[in-house]
Structures are given as structure tokens and as C-alpha cells.
Amino acid sequence: MIAPARVAALRAIRAVTKGQADLAAALHRVRPDVPDRRDRALANEIVAGTLRWQAALDHLVQHFAERPLHKLDPVVLDVLRLSIYQLIHLDRVPPSAVVSDAVDLTRSAGKGSAAGLTNAVLRAILRAGPSLPLPAPPAHDAITSVAHLPFAQWSSSLKQDTLEFLSITQSHPAWLIERWLGRYGYVDTLAWTTFNNQPAPMTLFVNTLRTTVEAATLALHDRGIAVRPSLFAPQGLVVEHGNPLLTDLWERGHILVQDEASQLIAPLMRAAPGERLLDACAAPGGKTVALAASVTTHGLLVAGDLGSNRLELLSETLTRCGAAPALVAHDLAVRSPFGRAFDAVLVDAPCTGLGTLRRDPEIRWRRQPADLERLARLQIRMLRSAAATVRSGGRLLYATCSSEPDENERVAEAFLSAEPDFRAAPLLVVESLRPTARDTVLSEAGHLRTYPHKHALDAFFAAAFRRR
């Protein structure tokens, strides 16, 4: 009998590779098929790890199968990917069980003629042991000799060696690696890809509408959950042991799962009691909850998003957390239904998500260079629609979880060119952020910029504007 975790993992990976679901949705779909908690954790690890290391896995498949990937059946390719991932990265999984289940998965998928190939490739991987045929890092002396030069001026051979290592062995798209090398150089790009290839810890946001950080920490400890304070976000806790989502603290809305870099955005609104705020792209709701705690019952908070599904998700989060903003369905790509009614507006815009590759590894394969221009056009339209709702003297905050200037600084510049009534409002040191964040996450231009290689955080961006 094939292990349930591997059956579920193959189903989830197939949904992602066929473009039917992202990682979170794919894992949610197969969850009912894996009732055992340990099996479910293994399935999650296999799927996320396989997607994270896909380029390296594909390189090995092609080498040991001795044929190009497009000559392999897609199901067989996914079986090989998830199986090779287990053989290389999961030392607690018996190799014989991985190989046996892979052959059975191939047959159960109706690909019995490929069962021999599956078996041969995996056994060749085992024989190779640690000496896998993956591109080696460029020579240290060669990298040192060009450290003062922009990537475009490197020799062709060094460029090729570097791109092959970072795109294949470090498993990132070559087009994105080339961009990062041009902006940050080799050392920082290597650190960035290494960060992205490490499983992300669970980070919690403590909902101060329900509790305090101190009380939540003690309550989690009492329930066997070990946490430590996050380095930057004042209401953040990093889980070191245990699953807080199985506790009543989650059910009662005392805690939310939210990336630490994401938690830095809401304080930048500098919301004050009594103000009128609009969270224009509010789902799933973490930033909305933080804003609700800032404005208190004396202010007005409106939370909007596109479509009933996102509003339903938002409503569930807000109800559980004790926040009660007014909800509105609107399409900022067209216009906002409000006039100049708000003291401050947050546009946490849809973006490529290229700053979150550690948590969402499938994004690295789903996004293409053309997405940057397409989404930047959308972001400018949404930002201008939101700007129409800001009162005279009011504030507008734009945020993304993208690493790329096309969606960040260039959108901010385009917005200012198109909206002469607004001026840049450089972000200031925010007293509520931990001291470690105050001088390090703000750029010279006054933007929030978090970087994996500098802060060990996902890459987030925020820029502020003020209506004259």
C-alpha cells in the first residue's frame, strides 16, 4: 500500500504544476485524504520541498533519465520530482520505501510502462549518493576578481557558470537571478537564494484587540507551544515548537498567522484613534485587524476587496478576531465608490509575490518577466483610484510583497507623475517597531524595504504619499 502522504503529495503537486491551484489551495484540497496529523505534515513537507527545489530536481531527472523533460509524461515527471526530493532532503524517510512507492504511484496513475524508468532513475540517484551531478558554485577567486564590476561586465564564461549554479543548484528562475545579480552582486544573491530555500518558521501576529503579547506568550507556553519574540515586528512571535493552530487561542482570535515583514506595514499607517481609514485591499485581514486596534471604537475603518470569496475570507478573519470594520466590495482597477472621505488609505496591492519565495516556492516557477509590467500597470490604476478617496492633507500608503523595483519604486514614481496633488511622504522611524527595525528597513528615499540578505525577512516594500 502506498503511503497516504505520498499519494496526497502527488495529487497536490499535480494541481500546482497543471496550474489548477497555488500551493496553499492544493494542500487544502488533499487535506481530507490525510487525516493523520503526521502524514499530513509529511505531505506538506514533500510538496513544498519539491516545488522549492524543482530546478535542481529536474536537472537530475534529465541527467539520469537520459532524455529531455518534455519527452517524459508529466505525471511520471512529478513522481520522480517528489521521490528524488525525499531521497536527497528527507533523511528520516527510508529510501527503499520511497522507491517502492514511486513505482507503485507510477503504475496507479496508469503509467505502468514507465515503472521501470522510475525505478532505474531513483536507484541511480541512490548509487550517486552525495556526488550528484549539479553545477558547482563559481570559483571564489573568480568572483573576488569581479566583485567591483557590474554583472554585465563579467566574462561570458563566469556569467554562465554563476547563472547555472544559482538557477539550477540553488533552484531559482534564471531571469530573476540575472536581475538580482545586476542589482546586488553574487554574495547577496547567493544569500537571498539560500534564504528562500530554507523552510519558513510559522510567525504569529498577536491580536491586541483580544490580548497582549505577554499574555499570549504565556498562554501559548501553557499549551505546550514554544515561541520567541520576532526581531522586527512588535506584535510578532516566532513558533519554535508545537502547533498553535490547534489551540483555542487560534479559535478565539488571539493570534493570526502573518509573516513578520507583512506585520511591519500596518504601523506605517500611523493610524490614530478617531481617524477614518480605508484598507482598500484587505483580505485575508491581518493588516485590517492591526488597523482596527489602532483606530479604536472612536474612529471609522472600512475594509474593501474584490469579489465575494475574498470578502467572505476577510469577514471570517475579522469576526474571529473581534474587529468590526465596514466591509465593501469594490474594484480599484476601475474606481473606488468613495469620495475624499478618509484620513489615511492603505493599498496593499496584488503583485507578483516575488518577495515571498521562501513561503510560496511555487511562485518562482509561475511568474514570468511579462508579469512585472502587467501588474505594474494594474498597481498604478489601483493606487490612483484609492488616491481619489484621500482627503486634503490625508495619507496614502502603498505596499507590495515584491522584490522588484518595477512594482515598487517605479510604481511610486509613476503615481507621483500622474497625481500632482500628491507628494512623497518619506516614512519616518515608527516608535512601535522594535529598535532593530527602526534604522535598517527604511531606504534613503524613505521607503520601507526589507531584504532576505540584510534582514532575514521576506522582501516587502512600502511608500507613503500625502495629498497637498
Side-chain angles (χ1 to χ4, degrees), residues 16 21-28 44-45 47-55 170-173 175-177 179-180 183-184 188-189 191-205 230-233 236 238-239 256-266 268 281-287 290 310 313 346-369 371-372 374-376 378-379 398-409 411 437 441 447-463:
V16 173
D22 61 17
L23 174 60
L27 291 175
H28 182 73
N44 292 353
E45 185 173 3
V47 175
T50 299
L51 293 169
R52 183 176 292 120
W53 292 101
Q54 182 174 305
Q170 290 291 97
S171 195
H172 280 67
W175 68 268
L176 188 58
I177 289 296
R179 278 175 156 257
W180 291 350
R183 294 205 301 273
Y184 308 115
D188 287 345
T189 300
W192 195 322
T193 59
T194 299
F195 172 89
N196 285 345
N197 286 333
Q198 296 169 351
M202 181 183 292
T203 306
L204 305 176
F205 169 74
S230 58
L231 289 176
F232 294 85
V238 180
V239 178
L256 290 167
V257 175
Q258 188 179 20
D259 178 79
E260 184 175 359
S262 179
Q263 293 183 37
L264 302 181
I265 301 299
L268 298 176
C281 307
K287 299 179 185 69
R310 292 186 65 79
L313 172 64
L346 170 61
V347 180
D348 184 17
C351 67
T352 58
L354 289 169
T356 66
L357 301 187
R358 177 178 63 155
R359 294 187 183 276
D360 302 303
E362 86 282 2
I363 289 177
R364 65 183 83 180
W365 314 121
R366 179 156 45 91
R367 292 302 186 191
Q368 299 298 325
D371 292 330
L372 293 169
R374 175 180 60 82
L375 283 165
L378 173 64
Q379 290 151 0
Y398 171 70
T400 76
C401 55
S402 174
S403 59
E404 299 310 290
D406 313 56
E407 301 180 88
N408 297 333
E409 289 88 351
V411 167
V441 298
H447 300 147
L448 174 81
R449 260 297 203 165
T450 59
Y451 293 100
H453 62 280
K454 290 183 179 179
H455 310 111
L457 294 176
D458 287 351
F460 271 63
F461 172 85

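What you are looking at is a predicted structure, and each value in this text was computed from that prediction instead of being measured.
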Just by distance, do the side chain of [X] and the backbone of [Y] share a donor-acceptor pair under 3.5 Å?
{"X": "Glu407", "Y": "Thr352", "result": "yes"}
{"X": "Arg449", "Y": "Ala462", "result": "no"}
{"X": "His455", "Y": "Tyr451", "result": "yes"}
{"X": "Glu260", "Y": "Ala233", "result": "yes"}
{"X": "Ser171", "Y": "Ala55", "result": "yes"}

Do [X] and [Y] make a side-chain contact, defined as non-hydrogen atoms from C-beta onward lying under 4.5 Å apart?
{"X": "Leu378", "Y": "Leu375", "result": "yes"}
{"X": "Val239", "Y": "Pro201", "result": "no"}
{"X": "Asp22", "Y": "Val16", "result": "no"}

Side-chain donor-acceptor contact under 3.5 Å, [X] with [Y]:
{"X": "Thr194", "Y": "Gln170", "result": "yes"}
{"X": "Thr203", "Y": "Arg359", "result": "yes"}
{"X": "Gln263", "Y": "Ser230", "result": "no"}

Nearest 0.5 Å, what's the [atom1]-[atom2] distance between [X] and [Y]?
{"X": "Tyr398", "Y": "Asp348", "atom1": "OH", "atom2": "CG", "answer": "9.5 Å"}
{"X": "Leu176", "Y": "Leu357", "atom1": "CG", "atom2": "CG", "answer": "6.5 Å"}
{"X": "Arg179", "Y": "Thr189", "atom1": "CZ", "atom2": "OG1", "answer": "12.5 Å"}
{"X": "Leu264", "Y": "Phe232", "atom1": "CG", "atom2": "CZ", "answer": "8.0 Å"}
{"X": "Gln379", "Y": "Arg374", "atom1": "CD", "atom2": "CZ", "answer": "9.5 Å"}
{"X": "Leu457", "Y": "Phe195", "atom1": "CG", "atom2": "CZ", "answer": "6.5 Å"}

Distance-minimising heavy-atom pair for [X] and [Y]:
{"X": "Cys351", "Y": "Arg367", "value": "O-NH2, 3.2 Å"}
{"X": "Ile363", "Y": "Thr356", "value": "CD1-OG1, 3.8 Å"}
{"X": "Gln54", "Y": "Trp365", "value": "CB-NE1, 3.5 Å"}
{"X": "Thr450", "Y": "Phe460", "value": "OG1-N, 2.8 Å"}
{"X": "Trp180", "Y": "His172", "value": "CZ3-CD2, 4.0 Å"}
{"X": "Arg366", "Y": "Asp371", "value": "O-OD2, 4.1 Å"}

- List the steps and the verdict of side chain to side chain contact (heavy atoms under 4.5 Å, CB included) for Leu372 and Leu354. CA-CA 10 Å; Leu372 293 169; Leu354 289 169; 4.2 Å; yes
- Partners of Phe205 by ring-ring contact (aromatic ring centres under 6.0 Å, His included), sequence neighbours excluded?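 Not a single residue meets the ring-ring contact (aromatic ring centres under 6.0 Å, His included) criterion with Phe205.
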- Task: Tell me, with the steps shown, if Asn408 and Ser402 meet side chain to side chain contact (heavy atoms under 4.5 Å, CB included).
- Result: CA-CA 7 Å; Asn408 297 333; Ser402 174; 4.2 Å; yes
- Item | Arg364: salt bridge (Lys or Arg N to Asp or Glu O under 4.0 Å) partners, not counting sequence neighbours |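 Counting only residues at least two positions away or on another chain, Arg364 forms no salt bridge (Lys or Arg N to Asp or Glu O under 4.0 Å).
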- Item | Electrostatic pair Arg52-Glu45, nearest N-O below 4.0 angstrom | no
- Query: Taking the six-membered ring for Trp, are Tyr184 and His453 parallel (under 30°), tilted (30 to 60°) or perpendicular (over 60°)?
  - Reply: tilted
- Message: Pair Leu204, Val257 - check side chain to side chain contact (heavy atoms under 4.5 Å, CB included), show working.
- Response: CA-CA 5 Å; Leu204 305 176; Val257 175; 4.1 Å; yes
